[in-house]
Number of protein chains: 4
Amino acid sequence: MATQQTDEKIIKAFSKLVLKLGYQGTTTKRIASEAGVNESTIFRHFKDKHSILEQLVNTYSRDIEQIGQSFEFTGDIVQDLMRVATIYHDFVANHQVVFLLGLRESYRFPEIGQALRQLPKRFKNLVVTNFNEMVEAGEIRATANVTEEATNFILLNFGNAVFTYAYPTARLQVPMKAFLAENIRTFAEHLQ
Amino acid sequence: MATQQTDEKIIKAFSKLVLKLGYQGTTTKRIASEAGVNESTIFRHFKDKHSILEQLVNTYSRDIEQIGQSFEFTGDIVQDLMRVATIYHDFVANHQVVFLLGLRESYRFPEIGQALRQLPKRFKNLVVTNFNEMVEAGEIRATANVTEEATNFILLNFGNAVFTYAYPTARLQVPMKAFLAENIRTFAEHLQ
Amino acid sequence: MATQQTDEKIIKAFSKLVLKLGYQGTTTKRIASEAGVNESTIFRHFKDKHSILEQLVNTYSRDIEQIGQSFEFTGDIVQDLMRVATIYHDFVANHQVVFLLGLRESYRFPEIGQALRQLPKRFKNLVVTNFNEMVEAGEIRATANVTEEATNFILLNFGNAVFTYAYPTARLQVPMKAFLAENIRTFAEHLQ
Amino acid sequence: MATQQTDEKIIKAFSKLVLKLGYQGTTTKRIASEAGVNESTIFRHFKDKHSILEQLVNTYSRDIEQIGQSFEFTGDIVQDLMRVATIYHDFVANHQVVFLLGLRESYRFPEIGQALRQLPKRFKNLVVTNFNEMVEAGEIRATANVTEEATNFILLNFGNAVFTYAYPTARLQVPMKAFLAENIRTFAEHLQ
DNA sequence: AATGAATGAGAATTCATTCAT
DNA sequence: TATGAATGAATTCTCATTCAT
């Protein structure tokens, strides 16, 4: 069996289990059985259990760099913020494991916390840049406090993401689509 | 030594340790040494380790009922929202342990998740009620989408709380006081 | 069961097994079953497996200090050397485990090597002192090379001890009693 | 690659590692990496890990037969014993690995012990023969106890060898050259 | 009511060895 | 012949919990 396939099987099993069982609950024995490999095989592919997580975090960090590369402002604040929020939530959805581990385990593994903090930073920059351009273009009221609005925007999205993924069983009755379509719109309209 | 004192010592030790070390990191051995009691004494006071957490959650649930009992709207939206936000953050600050455990461990202990979800619900109700009254009184634009604004308000505060307590080392550079004074004000002003 | 009893049972079991099976062969599982305690009990009495060995080494080091405290030279070289040799071999016999572990494992646990090297040093000093006094008293030829003779004496005894304990099944056909009675006598007489 | 080359590479790697790390510390993984071959290749060349050691022991046993074949007594006791001692120490130096493994692991692998015991036997014979001839020739005092002197000579050299190789970091401050030149001379002179 | 001692069920990891190519 | 991948058995150690006093 090709090495990479096994790598992937292990990572997949790890990811799946971590969501259900947390990091500690995801024992190497369970990973092995979920991945359909021998327990010791895990250690031929990863130095130790923690390295599996590390690899996920690395992927996360690499992916962060790509975010918003091709983003282009349309000048329509509602459209733009909805797209930024969508990108944000797609990213989180694609990196649920790291996102959740960051929430749950960053006190144990500082590297995760560090990686995670890049995300809001990056998005805030994106939003602030957007806002400033729009203020100049007169599309946002000149009186708007750009920094605070940007922070609020990030916190709003972050709060929603945490709610969605940390309490998956009973979300605050705002499905993600509705959140993006309505709550973000509501927020955006205030700026016009 | 009176039973209750020992109970409290154990709960205190547990709470202190959980913040630093998480639930699993908070071993009964460490609880005992932090509380200054024998490890087996813990099991005379609590059925098992999980029951310590349960008791904290019960206190949390009881305290939630008290929230906003005596809250009175002034009719000034900025003032009111700032007060609601303050109450929210004070509550979270006083129940950090449960708040964090909810974030980290609710996937393992559904009861925590359940208890925690009461908080935003309750606050949302408080805010919605407030908003509706204000809309009637003409202090909030009639066109405002009350439910969404309330949700946004809650998510914003929740997001900030998570940031503050889950990543204590590197918060998004918004100290709580500033957040309450400025970010909430900014949010509130949009509604006028 | 009193703590010390269990301590001793573990140490005894460890010692017995190490002689047969070496350090690595002496697994905690085997120690437990030999000592009649649960495997995890070992770790409540000793920080880790290595600490059991450490304790033996400490005892060894402490005992070394006592050696020869009450030794008094009779002035008869044959008698004196036979007594020194007897003390040496009794000491080794009473500390077989550490002696053997030193031989076998000192490359892994430098502390053992360090402790072990005290023994020949100490004995050499004892012998050199003895010799010098005797040279002055005219009981040893003035031409004798005291240091070299002392070294030879130590190496001779050390060699015999290693042979006896490292290859217990087939000693060089010199039983310890005979060695002390005859070989040491032979050595001693050369000095007169 | 010729089979023998690989054989040798593995033996070489094994020998080098065993000196530093002992038998158990010399894992097949490390042997492979030191030898520059794949781990599983080892098992195509040797039935199992133990067989590598076996082969070394066989070489040792074969080499023992050669010892002293061409040795000729000069009749000068000092010269002769110094030469015997030199041959002994050269042999040990050339077979350090087996010598050390014998010291450390003979309790596990009796064959090593068996092989090792040949060495002192053989040398003792050599010395006894020598001594007897000299006694006849009047070069050694007729009163000398030949067997005991021979045993002492062997144990002295053995003791020195163990000290040198088992505690390489802190030998009893007698460098091998000095030992051969002076200690052996001292010993020899007593026989004249 | 509190303690000290002991326990059993795992947990992560290592290692010699085998198997398929 | 040599390799890369996989394995199973074993090892040290941890932890919540129970038992006897």
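Chain letters run A, B, ... following the sequence lines, proteins first, then strands; residues in each count from 1.
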[X] [atom1] - [N] [atom2] separation (whole Å):
X	N	atom1	atom2	value
A:Leu53	E:dA12	CG	C1'	15 Å
D:Arg44	E:dA16	CZ	C1'	17 Å
A:Arg108	E:dA12	CZ	C1'	13 Å
A:Asn38	F:dA10	CG	C1'	13 Å
A:Ile52	E:dT13	CD1	P	9 Å
B:Glu39	F:dC19	CD	P	16 Å
C:Phe43	E:dA11	CZ	P	17 Å
C:Phe46	E:dA6	CZ	C1'	15 Å

Looking just at side-chain N and O atoms, do C:Glu111 and C:His50 make a donor-acceptor pair shorter than 3.5 Å?
yes
Is it true that B:Asn58 and B:Ser61 share a donor-acceptor pair across their side chains at a distance under 3.5 Å?
no
Does [N] have OP1 or OP2 under 4.0 Å away from a side-chain N or O of [X]?
X	N	value
C:Thr41	E:dT7	yes
B:Thr28	F:dC15	no
A:His50	E:dA12	no
B:His45	E:dA1	no

Ring of D:Tyr23, cation from D:Lys49 - is the NZ or CZ under 6.0 Å from the centre and inside 45° of the axis?
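Yes.
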Candidates [options] - which lies nearest the side chain of [X]:
X	options	answer
C:Ser40	E:dA9, E:dT3, F:dA9	E:dA9
A:Lys49	E:dA12, F:dT11, E:dT7	E:dA12
C:Thr6	E:dA6, E:dA16, F:dC15	E:dA6

Residue closer to the 5' end of DNA chain F, C:Lys29 versus A:Ile42 (nearest nucleotide)
A:Ile42
Taking the nucleotide of DNA chain E with the closest heavy atom to each, which residue, B:Gly36 or A:Gln24, is nearer the 5' end?
B:Gly36
